[in-house]
Amino acid sequence: MNRIHVHTLLPTLLMALLIGKLTLINQQSVTEPAPAAPELPYAPICGFTHVGGIPGSLLTQPVALRSNIGQFPTPTSTKSPKAQEYFEQGMAYLHGYSLVEAARSFHEALKQDSTFVMAHVSLSRLYIQLEDNKAALKAAETAQSLANYASAREKAHIELRFAQLKAVDSLSNQKLLNEYRNKVNAAVKKFPTDLELWLLSGNSYEKFATGRGQGSSTASIAIYEKVLQMAPNHPSAHHFLIHAYEGMSDYGKALEHGKAYARLAPNLAHALHMYAHDLMKTGDVDRAIAEMKQTDAIERDLYRSEKYDPMYDWHHIHNISLLALCYQYQGRIGEAEKLVKERFETKRPINQERTFYNKMGYPTLLISQNRYAEATPIATELTRGKTPGERVIGHYLLGLMALKKNQLEAARTSLKASQTELVQAKNEAHTDWLNAWLDPHPKFLAALIALHDPNGREKGLADIRKFQTSARDQTGPDPWIEALFQLEMIAQVAYQLELNGFAEEAARVLAEHDPAYPGTHFALARIADRKGDKTTANREYQLARQGWSKADAAFLAQNFPKK
């Protein structure tokens with residue numbers, strides 16, 4: 001199923017107005033003349049001890065100039081070539097979601113030119129990504145105080161900061177979002193060769209004002225493609241198009257842009273990671289693993305050389321999580337386990353209500369391998385966690401284990417406890433994001449319990465089919481592969497309960513999601529075997545063995561026991 005995000009206010013008129021005015025941007029760094037301005041005192045770089053939970057001392061830590069991270073000429077009015085270099089480095093990191101390194105680069109630019117308006121503007125954008133709106137507003141106000149040093153185009157960027165912040169402070173307010181979009185588009189019309197404004201316009205057509213290129217719509221695609229017409233080697237346009245085409249389930253097109261982004265920014269961790277997304281989804285899991293391992297190496301080298309804790313880089317957890325899932329895909333459970341355990345032990349400096357996201361992968365992997373003795377104390381400890389989310393997941397995991405052991409009443413007790421904690425989680429949640437991530441787990445457990453109970457089986461089947469539909473609708477890399485394992489679990493449960501018709505249906509749904517997955521072939525083989533179709537069963541078992549050729553011995557013994 002293709003998911004196409006469409007917003008009502010497509011920028012068709014804007015495109016028509018501007019299409020005749022576009023020129024190819026010179027591939028050299030460009031500076032703009034700034035109006036004469038009186039001397040101002042040195043502008044404070046960062047007035048906060050922590051920004052978004054990250055120590056200010058880290059965000060302002062000196063940084064060296066680097067190469068091949070996706071820099072692109074971005075004109076400013078600074079008279080300092082070194083400040084310009086650091087600014088363009090910061091923009092590459094900002095668009096590549098390496099937020100600590102982006103902040104360090106912008107602050108280094110300010111050390112070279114204390115009245116560098118665009119560095120403050122970009123810090124304001126960065127602080128929104130760190131979900132620190134107060135810091136974002138302060139940076140915008142600092143930029144505004146330096147407006148005498150800004151060109152007309154840069155003043156437009158300053159104005160956009162306040163428009164976006166206003167919309168961000170009221171995310172569900174469509175009127176404010178539309179006002180922000182209109183202001184961005186008006187700025188693009190006035191300054192049609194400013195590629196940053198074009199990228200901001202594409203971002204603004206996401207669902208929320210916090211858009212940064214990850215939730216792109218069809219309108220966004222038209223804008224990013226136009227950027228590539230003006231500048232075919234713009235790394236950030238390629239980056240945002242990867243996300244956009246993934247959202248439409250067009251993984252082949254996403255892969256094209258992923259390859260381009262990795263080529264243009266070979267030393268940027270996220271560029272390699274993005275390429276891996278769609279290598280995985282198009283069946284080349286070996287190459288996906290190689291790209292994610294290189295991503296991991298770049299990040300760990302950075303933490304060692306720059307001497308800071310990986311917990312301050314959100315991307316590290318994201319990358320090792322996806323790498324672990326790819327190892328699990330190949331049955332390499334030992335390698336997957338090391339990474340999910342690291343994720344389990346990593347603290348969250350911001351958004352601590354989402355701690356459960358770090359915590360759940362490790363026990364979930366253990367449960368998938370029937371290692372209940374190891375998973376039980378971890379799940380039990382989660383039920384006593386500091387945040388409601390941890391407690392929801394802890395009870396959910398205990399219920400899942402009870403169900404796998406055919407302890408139906410114990411599973412129901414855990415489900416009730418999980419549902420109770422979910423109410424508490426919703427009461428304490430600051431955003432709907434938490435509910436969206438937590439809600440499905442107790443509901444999935446309830447559906448599985450109903451499936452095990454002959455009296456509730458009809459409703460259980462209906463609810464499980466809803467989960468299958470939802471799983472098939474996932475397009476993001478982590479949700480897509482997590483959905484794969486959920487679909488596999490459904491097929492396994494149906495097979496074990498001898499619901500033969502539904503088991504065959506569940507195996508087909510799994511095959512629709514990923515026909516190349518070895519577990520898909522294994523599920524199809526067992527169905528064929530049960531139906532007495534030995535030819536099909538043998539073929540599918542052989543394909544499963546081939547796909548799991550690198551699997552751990554224990555994993556193979558569990559799935560292919562000696563007769």
Side-chain angles (χ1 to χ4, degrees), residues 3-22 94-95 118 121-122 124-137 139-141 143-144 147 152-227 230 236-237 239-241 243-248 430-433 435-436 475:
R3 178 193 293 172
I4 302 178
H5 304 279
V6 182
H7 297 290
T8 55
L9 298 176
L10 302 182
T12 308
L13 179 59
L14 173 68
M15 300 292 289
L17 288 170
L18 296 181
I19 197 165
K21 299 183 179 181
L22 306 178
L94 177 65
H95 289 318
M118 289 303 293
V121 166
S122 298
S124 178
R125 291 175 61 184
L126 183 150
Y127 294 153
I128 285 180
Q129 293 192 29
L130 290 177
E131 299 185 28
D132 194 329
N133 294 359
K134 288 183 180 179
L137 177 60
E141 290 172 342
Q144 189 176 52
R153 183 187 62 82
E154 291 172 327
K155 288 177 182 177
H157 277 274
I158 296 172
E159 183 182 353
L160 290 177
R161 296 308 316 120
F162 294 99
Q164 186 184 22
L165 283 164
K166 188 177 180 181
V168 167
D169 283 337
S170 185
L171 278 179
S172 61
N173 190 321
Q174 186 66 35
K175 180 175 180 290
L176 291 177
L177 176 56
N178 289 339
E179 288 176 0
Y180 170 58
R181 286 175 183 161
N182 290 339
K183 285 182 181 292
V184 177
N185 291 340
V188 173
K189 181 181 177 182
K190 189 172 182 180
F191 305 102
T193 61
D194 185 334
L195 296 185
E196 252 328 289
L197 288 173
W198 280 92
L199 293 174
L200 280 173
S201 178
N203 292 172
S204 77
Y205 281 91
E206 297 185 27
K207 185 177 181 180
F208 297 111
T210 48
R212 57 175 185 169
Q214 289 184 309
S216 299
S217 66
T218 50
S220 303
I221 290 176
I223 294 169
Y224 301 143
E225 293 285 8
K226 182 57 64 177
V227 171
M230 292 185 278
S236 302
H239 175 198
F240 298 155
L241 282 167
H243 287 291
Y245 283 116
E246 284 182 348
M248 297 176 66
H430 299 298
T431 67
D432 288 338
W433 185 98
N435 299 343
T475 57

Derivation of the side chain to side chain contact (heavy atoms under 4.5 Å, CB included) call for Trp198 and Thr193: CA-CA 9 Å; Trp198 280 92; Thr193 61; over 6 Å; no
Tell me, with the steps shown, if Glu196 and Arg125 meet side chain to side chain contact (heavy atoms under 4.5 Å, CB included). CA-CA 12 Å; Glu196 252 328 289; Arg125 291 175 61 184; 2.9 Å; yes
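Residues that satisfy the ring-ring contact (aromatic ring centres under 6.0 Å, His included) test with Tyr245, not counting sequence neighbours, are His257. In this structure Gln214 satisfies the side-chain hydrogen bond (donor to acceptor under 3.5 Å, both in side chains) test together with Arg212, sequence neighbours excluded. Residues meeting the ring-ring contact (aromatic ring centres under 6.0 Å, His included) test with His95, sequence neighbours left out: Phe240. Scanning for side chain to side chain contact (heavy atoms under 4.5 Å, CB included) contacts around Ser124 gives Ala136, Ala139, Ala140, Arg161, Leu165, with sequence neighbours left out. Ala143 pairs by the side chain to side chain contact (heavy atoms under 4.5 Å, CB included) definition with Val117, His120, Val121, Ile158, not counting sequence neighbours. For Tyr180, there are no side-chain hydrogen bond (donor to acceptor under 3.5 Å, both in side chains) partners at least two apart in sequence or on another chain. Applying the side-chain hydrogen bond (donor to acceptor under 3.5 Å, both in side chains) rule to Glu141 yields no partners; only residues at least two apart in sequence or on another chain are considered.
Between Leu160 and Ala187 the shortest heavy-atom distance is CD1-CB, 4.3 Å. Between Leu171 and Phe208, the closest heavy-atom pair is O-CD2, 3.6 Å. When all heavy atoms of Pro192 and Met230 are compared, the pair lying nearest together is O-SD, 4.1 Å. The minimum heavy-atom distance between Ser201 and Val188, with the atom names listed, is CB-CG2, 4.2 Å. The minimum heavy-atom distance between Val184 and Leu200, with the atom names listed, is CG1-C, 3.9 Å. Nearest heavy-atom pair, Ile221 versus Ala244, reported as atom, atom and distance to 0.1 Å: CG1-CB, 3.4 Å.
Between the CG atom in Leu94 and the OG atom in Ser236 there is a gap of 8.5 Å [rounded to 0.5 Å]. In this structure, NZ in Lys207 is found 12.5 Å from OG in Ser217, a value given to the nearest 0.5 Å. Annotation: the span from Thr210 atom OG1 to Asn133 atom CG amounts to 9.5 Å, rounded to 0.5 Å. Considering NZ of Lys183 and CG of Leu197, their distance stands at 13.5 Å, rounded to 0.5 Å.
Contacts classified as salt bridge (Lys or Arg N to Asp or Glu O under 4.0 Å) and involving residues 166-177 (residues at least two apart or in different chains) are given here: Lys175-Glu179.
Proximity of Leu137 to Lys134: side-chain heavy atoms (C-beta onward) are nowhere separated by under 4.5 Å.
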